[in-house]
Amino acid sequence: MMVYRGVLKRASHHSRRLSGNVVYKRSSKTLDKFHLDKGYDQRDALKKQKRTPDEPGNPTKGFAALTRNEVLRLASVLKRCGQTKALADGKLVHAHIRRCRYDRNTFLGNWLVQMYGDCGRMADARAVFDALPTHNLHSWTVLIKGYVKNGCGREALDCFEGMQISGIQPDCVHFTCALDACASLGALDKGQKIHAAIIGSGYEERLIVGTALVNMYGKCGNIFEARSVFRKIPQRDVICWNTMIAVCAQNGHGEEALDFYNEMQCDCVKPNYVTYVSVLDACASLRALQKGQEIHATIVVRSYEGQIVIGTALINMYGKCKSLQDARNVFDRMLQRDVVAWNAIISACAQNAHSKEALEYFDEMQNNGIRPDHVTFACALDACADLVSLEKGQELHAAIINNGYEGHVLVANALINVYGKCGCLLDARGVFYQMFQRDVVSWNAMIAACAHNGHGNEALYYFNEMQNEGTKPDQITFLSVLNACSHTGCIDDGRKYFILMTEDHGLTPKMEHYLCLVDILGRAGHLDEAEGLVNTMSCENKVRVWLCLLGACRIHGDVERGVRAANHVFKLDPNSPAPYVLLSNMLVQAGRLDDARKLRGIEL
DNA sequence: ATAGGGTTAG
């Protein structure tokens with residue numbers, strides 16, 4: 001702060017001397033005052049003074065050119081403003097440049113664009129860029145970089161194209177920025193086109209370009225290409241390895257992520273704490289508690305445990321691996337906790353049926369002066385849904401609106417879920433229809449809300465709508481759809497959607513899908529078909545499915561089949577009392593009291 | 001004349 005303030009003063013002083021304009025002296029003073037107490041009145045005072053310069057007349061008269069050193073000094077001040085995110089100071093420098101009539105200067109304009117971009121003000125950056133009469137290579141670089149840094153991938157790619165249209169060849173910085181934009185947008189085809197342009201540009205050998213490619217392919221879900229690019233990179237550093245590991249972990253290839261982690265060490269590349277964040281992510285996705293604990297030990301040995309990101313990743317891993325106590329221990333040991341760390345513990349509790357505790361953490365974080373963000377609200381809402389607590393859910397909904405988070409997809413999805421679970425289909429619909437953007441989770445939540453409240457046909461309506469809008473259903477969608485079918489009791493629909501899922505969408509049904517279909521078929525009395533279906537299931541855990549069939553057999557009095565189903569459960573889960581209860585009820589109903597008594601004998 | 005690009009937690 002002190003450094004560039006001094007520089008700015010000096011720059012102002014020089015200008016005053018050169019231009020003979022008294023205003024600069026005053027504005028310089030005001031600038032100092034402004035720094036002392038940041039008051040808005042001072043800024044207003046400054047604005048008033050800004051209008052005083054002798055605007056009419058020849059700009060060159062009374063506005064002598066800045067010396068090269070003065071320009072460089074202003075540039076360095078702008079750089080510092082950007083680095084320290086000192087937007088207010090940057091604006092003052094901008095005003096100063098404008099008064100010097102240097103705002104059409106490409107060199108300073110580029111620096112202004114960079115400053116505004118660093119401060120997160122892309123609209124201002126763009127305005128400066130557009131006002132420049134001439135753009136050079138660097139003008140495009142700072143603009144594109146600003147867009148990428150601020151998460152505006154769409155605009156970044158537009159500029160990348162605009163630059164080429166205006167006849168400028170992109171260099172490797174532009175390529176990496178553009179790949180970043182594709183990664184954030186999940187724009188695989190654009191990314192592939194850029195890849196093609198990179199091959200033949202001579203930049204494909206560069207480590208950073210290669211890393212950006214691995215990242216782009218990974219973020220777009222094309223792990224095959226990511227791996228193939230990675231393997232072609234001759235000299236890989238730790239960031240490159242980290243990227244590959246992260247990409248595997250994020251795409252559910254946990255085993256492969258751990259393989260890469262081992263391989264990098266064989267390659268004598270020393271993992272850093274970022275590596276461990278992704279390795280923990282891999283353990284979390286694999287639900288590999290033991291491996292996770294092992295990695296935790298390594299983290300402690302290498303003194304990375306104090307990193308807030310590592311602590312958060314550990315909480316997440318333990319939460320996913322169903323070891324809430326380990327998660328709590330990590331959380332308690334953390335010296336510093338930010339909102340993400342609190343979110344992690346809230347989420348860990350909510351995922352492990354400790355929803356009350358999750359809401360306690362939610363209150364506690366606010367007592368600790370940490371403001372909840374959109375993820376916090378989504379996690380807290382998950383806890384409400386689990387508790388079926390409409391009251392708390394409504395309270396959170398009000399807080400969400402107060403904090404302006406109702407527009408977040410994550411939050412809206414969680415709200416639909418809460419209202420659905422609490423039987424408020426009307427409120428669920430209200431949230432759903434107010435959304436600007438919907439993802440597959442939004443549709444799933446809405447379909448589940450309908451199914452849960454017995455509106456099977458409405459659920460199927462949303463299922464059709466989502467496809468009309470171009471959203472691809474996933475396994476969870478089909479689970480809710482099958483649930484809806486079990487509400488309508490339409491076995492044809494049940495069969496139809498099961499086949500649609502497996503054959504048209506190529507999704508592998510999970511135990512829960514079979515469970516649903518067996519339930520639909522069983523309750524309708526299609527016991528033979530249901531049993532056949534269970535027999536086609538691969539090695540998954542079939543206990544619940546056999547139990548479901550057993551229940552159906554009891555309803556329809558099919559004792560022989562019921563005994564078969566019960567025997568499967570006995571074998572798979574010898575300690576479960578459920579099959580005994582169901583089977584003995586069924587035997588009693590069938591009048592086979594002796595058999596029922598015998599069965600009770602076994603049970604005792 | 002500028003400066004610099006790739007990885008990471010909920």
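Throughout, protein chains are lettered first and strands after them, A, B, ... in sequence-line order, and every chain is numbered starting at 1. Computed over heavy atoms, backbone and side chain alike; hydrogens, waters and symmetry mates excluded.
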- Is the side chain of A:His174 donor-acceptor paired with the backbone N or O of A:Phe160 at a distance under 3.5 Å, no angle test? no

- Query: Taking NZ from A:Lys145 and P from B:dT2, how many angstroms apart are they, rounded to a whole number?
  - Reply: 13 Å

- Item | Single hit among A:Leu314, A:Thr312, A:Ile310 for side chain to side chain contact (heavy atoms under 4.5 Å, CB included) with A:Met334 | A:Thr312

- Query: Less than 3.5 Å between a donor and an acceptor, one on the side chain of A:Asn136 and one on the base of B:dT2, is that the case here?
  - Reply: yes

- Query: When the distance from CD1 of A:Ile144 to C1' of B:dG6 is rounded to whole Å, what number comes out?
  - Reply: 16 Å

- For A:Asn110, report the nucleic acid contact type (base, sugar-phosphate, nothing); a contact means any heavy atom under 4.0 Å. base

- Between A:Trp342 and A:Phe362, ring centroids under 6.0 Å: no

- With heavy atoms under 4.0 Å as the rule, sort A:Lys149 into base, sugar-phosphate or nothing. nothing

- Item | Proximal nucleotide (of B:dA9, B:dA3, B:dT8) relative to the A:Ala246 side chain | B:dT8

- Query: Among B:dA9, B:dA3, B:dG4, which is the nearest nucleotide to the side chain of A:Thr312?
  - Reply: B:dA9

- Figure out the CD1/C1' separation between A:Ile233 and B:dT7, and round it to whole Å. 12 Å

- Report the distance from atom CE of A:Met264 to atom P of B:dT8, rounded to the nearest whole Å. 14 Å

- Task: Select one nucleotide: of B:dT7, B:dT8, B:dT2, the one nearest the side-chain heavy atoms of A:Ile239.
- Result: B:dT7

- To the nearest Å, give me how far apart CZ (A:Arg337) and P (B:dA9) are. 21 Å

- Within this structure, what is the OH-to-C1' distance between A:Tyr102 and B:dA1, rounded to whole angstrom? 13 Å

- Task: Report yes or no: is there a donor-acceptor pair, N or O only, under 3.5 Å between the side chain of A:Asn242 and the base of B:dG6?
- Result: no

- Query: Parallel, tilted or perpendicular for A:Tyr304 and A:Tyr273, by the 30°/60° rule?
  - Reply: tilted

- Message: Students often get this wrong, so: under 4.0 angstrom with heavy atoms, is A:Ile310 touching a base, only sugar-phosphate, or nothing?
- Response: nothing

- Message: What's A:Val214 touching, base or sugar-phosphate or nothing? Going by heavy atoms closer than 4.0 Å.
- Response: nothing

- Query: Are A:His94 and A:Tyr116 near enough that their ring centres are under 6.0 Å apart?
  - Reply: yes

- Message: Between A:Gln250 and B:dT8, is there a contact of a side-chain N or O with OP1 or OP2 at under 4.0 Å?
- Response: yes

- Message: Ring centres under 6.0 Å, that's the criterion: do A:Trp241 and A:Tyr261 meet it?
- Response: no

- Which nucleotide, B:dG4, B:dG6, B:dA3, lies nearest any side-chain atom of A:His138? B:dA3

- Grab the CG-P distance between A:Asp171 and B:dG4 for me, whole Å please. 14 Å

- Query: Which part of the nucleic acid, if any, lies within reach of A:Thr211 when heavy atoms closer than 4.0 Å are counted: base, sugar-phosphate only, or nothing?
  - Reply: base

- Task: Look at all strands and tell whether A:Asn272 reaches a base, only sugar-phosphate, or nothing, counting heavy atoms closer than 4.0 Å.
- Result: nothing

- For A:Tyr273, report the nucleic acid contact type (base, sugar-phosphate, nothing); a contact means any heavy atom under 4.0 Å. base

- Task: Take the protein atom CG of A:Leu137 and the nucleotide atom C1' of B:dT2, then report the distance between them rounded to whole Å.
- Result: 11 Å

- Task: Ignoring backbone atoms, test whether A:Lys320 places a side-chain nitrogen or oxygen under 4.0 Å from the OP1 or OP2 oxygen of B:dA9.
- Result: no

